[in-house]
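What you see is a predicted model, and the numbers here were worked out from it, not measured in a lab. Along the sequence shown, the residues carry numbers beginning at 1.
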Amino acid sequence: KMTAALESTCEETVLKALNEVLNEPTIVKECVDRASFCNQLLTALKNHNSLAVTIAEVFATLGREEYFRSVAAECGVITALTPLLASTRDVRLQALRAVGNLCFDNDLCRKQLMGSDGCPVLAGMAWECSVPLPEPLSSRMKCVVCGCLLNACNNNEELCKEMLGLKVETALIELLAREGEDEAVLQMALKALNTLLCSEAVSLDGLVTSPLPKVLSTLLHQLVDQDFDLFDGIHQVLDTLVENENWQVAIVDSHIAEQLLAMANQELQKKALDIIVQLLKNGNYLCWFQFFFPCSFLWREERGI
């Protein structure tokens, strides 16, 4: 009944079937021929442009399930969704959600993203997030862009290399540097950035002279005791960077090590000290010096010396 409704020429009938799927996504899992259902969605997308938002939302919802990601990969859904990334903002939002969910841990979907010129479009959207626009992107849109980058690039060297070639890491750093940005956006931007920083294709040495050290220092300065999630993102980035010798120096020179030592909250202190310990293990004598003096003063105060 539902599949027949998707084939209807009546948009109202198709929309009713789509809403049925959104309300009860499990009905798709019970389909005998999931590939046929997926192809019917693609046909509906082709025949009913006005329903693009809802159809993309259906793909985004079903894309959370591993079984559907495999079906969608076989049916070439990503190739059909990529043009929607250049559509209206409402359509783009749902298309991004769909692409991000479908690309999660699915290399075939990721290859389709690269093959359909989706990478330049996605990179362009990352840059849109990082610059002031006459009509600014919503925080939700920025979160979804970063989430899409995260899901697409995670543990995929080929896509990371493509995105790094398009300077997406620079766009994410610019986004993190924007004043008054929503905390949820900062968290997602940090996660997406860390995924690219973990790539073998990235030049960590080149980023030492970028705004990133100052950006991380500023974010740490803005932290309040309750910002556990935001600090987790900062910690992940620092944990990646601290393996690099030049970044060990940069972490000290930009006063990040000092800020980590000054963490007032006990829970945050534990993770902050992880970075300090790694600096010390790697024989960074600047950090030894900076670590010893604050601790020695604390010890003297405790002893009354």
Side-chain angles (χ1 to χ4, degrees), residues 60 63-64 78 81-82 85 92-107 109-110 113-114 118-131 136-178 181-204 206-207 210-216 218-220 222 227-244 247:
R64 297 171 182 160
I78 295 292
L81 289 175
T82 301
L85 297 177
R92 289 166 75 190
L93 179 66
Q94 296 303 332
L96 271 170
R97 289 185 61 233
V99 170
N101 288 346
L102 291 170
C103 283
F104 178 76
D105 204 24
N106 191 297
D107 285 338
C109 282
R110 290 165 171 174
L113 180 64
M114 293 183 70
C119 291
V121 177
L122 189 51
M125 296 185 75
W127 278 103
E128 280 186 54
C129 293
S130 69
V131 296
L137 297 180
S138 66
S139 293
R140 190 186 181 201
M141 176 71 89
K142 292 176 184 178
C143 283
V144 172
V145 170
C146 293
C148 188
L149 284 167
L150 173 64
N151 283 358
C153 296
N154 191 37
N155 294 322
N156 188 289
E157 278 297 315
E158 197 174 3
L159 252 172
C160 281
K161 186 177 180 179
E162 183 83 10
M163 291 301 178
L164 288 165
L166 294 166
K167 302 296 181 184
V168 171
E169 77 285 7
T170 305
L172 291 171
I173 293 170
E174 292 288 334
L175 174 57
L176 290 167
R178 287 174 59 82
E181 198 56 76
D182 189 88
E183 186 177 317
V185 175
L186 296 175
Q187 289 175 28
M188 290 305 299
L190 284 165
K191 289 179 181 179
L193 176 61
N194 192 54
T195 297
L196 295 176
L197 295 181
C198 290
S199 169
E200 294 177 2
V202 73
S203 172
L204 293 182
L207 289 173
S210 76
L212 184 55
K214 183 180 178 181
V215 166
L216 293 173
T218 300
L219 289 175
L220 282 171
Q222 293 171 352
D227 286 337
F228 293 104
D229 292 335
L230 182 57
F231 182 74
D232 276 344
I234 299 170
H235 178 269
Q236 287 174 13
V237 171
L238 288 173
D239 195 45
T240 300
L241 297 173
V242 77
E243 298 293 328
N244 180 276
W247 265 100

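The shortest heavy-atom contact between A192 and C146 is CB-O, 3.6 Å. When all heavy atoms of V237 and N194 are compared, the closest pair comes out as CA-OD1, 3.5 Å. The heavy-atom pair separating L164 from V202 by the smallest distance is CD1-N, 3.7 Å. Nearest heavy-atom pair across C148 and V99 is SG-CG1, 3.8 Å. Scanning all heavy atoms of the two residues, the minimum distance from W127 to T170 falls at CH2-CG2, 3.7 Å. Summarising the geometry of V185 relative to E181, their closest heavy-atom pair is CG1-CG, 3.8 Å, with the distance given to 0.1 Å.
Other residues, nucleotides and ligands contribute only 12 or fewer heavy atoms inside 6.0 Å of the CG atom of N155. Summarising the local packing, CD of E158 is surrounded by 12 or fewer heavy atoms from other residues, nucleotides or ligands at distances under 6.0 Å.
Here the CD-OG distance, from E183 to S139, works out to 11.5 Å after rounding to the nearest 0.5 Å. Here the CG-CG distance, from L196 to L149, works out to 7.0 Å after rounding to the nearest 0.5 Å. The distance from atom CG of L212 to atom CG of L172, rounded to the nearest 0.5 Å, is 10.5 Å. For the atom pair CG of L113 and SG of C103, the computed distance is 5.0 Å after rounding to the nearest 0.5 Å. Between the CG atom in L175 and the CD atom in E128 there is a gap of 12.5 Å [rounded to 0.5 Å]. To the nearest 0.5 Å, atom NZ of residue K142 and atom CG of residue L186 are 9.5 Å apart.
Between L122 and M163 the shortest side-chain heavy-atom distance falls below 4.5 Å. A heavy-atom distance below 4.5 Å is found between the side chains of L81 and L102. Side-chain contact between M141 and L96 is present, with at least one heavy-atom pair separated by less than 4.5 Å. Under the 4.5 Å side-chain criterion, counting only non-hydrogen atoms from C-beta, M188 is in contact with L150. Looking only at side-chain heavy atoms (C-beta outward), W247 and L207 come within less than 4.5 Å of each other. Taking 4.5 Å as the limit, every side-chain heavy atom of V168 sits out of range of all side-chain heavy atoms of C153. Inter-residue side-chain proximity for M114 and L159 is flagged as met; some heavy-atom pair is nearer than 4.5 Å. In this structure, L193 and Q236 have side chains that are not in contact, with every pair of non-hydrogen atoms separated by 4.5 Å or more.
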| task | Begin with the C-alpha distance, continue with both residues' side-chain angles, and end with the deciding distance and a verdict on side chain to side chain contact (heavy atoms under 4.5 Å, CB included) for L220 and F231. | result | CA-CA 8 Å; L220 282 171; F231 182 74; 3.8 Å; yes

| task | Under the side chain to side chain contact (heavy atoms under 4.5 Å, CB included) rule, what do E174 and V131 come out as? Steps first, then yes or no, please. | result | CA-CA 8 Å; E174 292 288 334; V131 296; over 6 Å; no

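R110 places a side-chain N or O within 3.5 Å of a backbone atom of N151 that can act as its donor or acceptor partner. Without hydrogens or angle criteria, N101 side chain to R64 main chain gives no donor-acceptor distance under 3.5 Å. Side-chain atoms of S199 never come within 3.5 Å of backbone atoms of T195 as a donor-acceptor pair (strictly under, hydrogens ignored). Side-chain atoms of E200 do not come within 3.5 Å of backbone N or O of E157 as any donor-acceptor pair.
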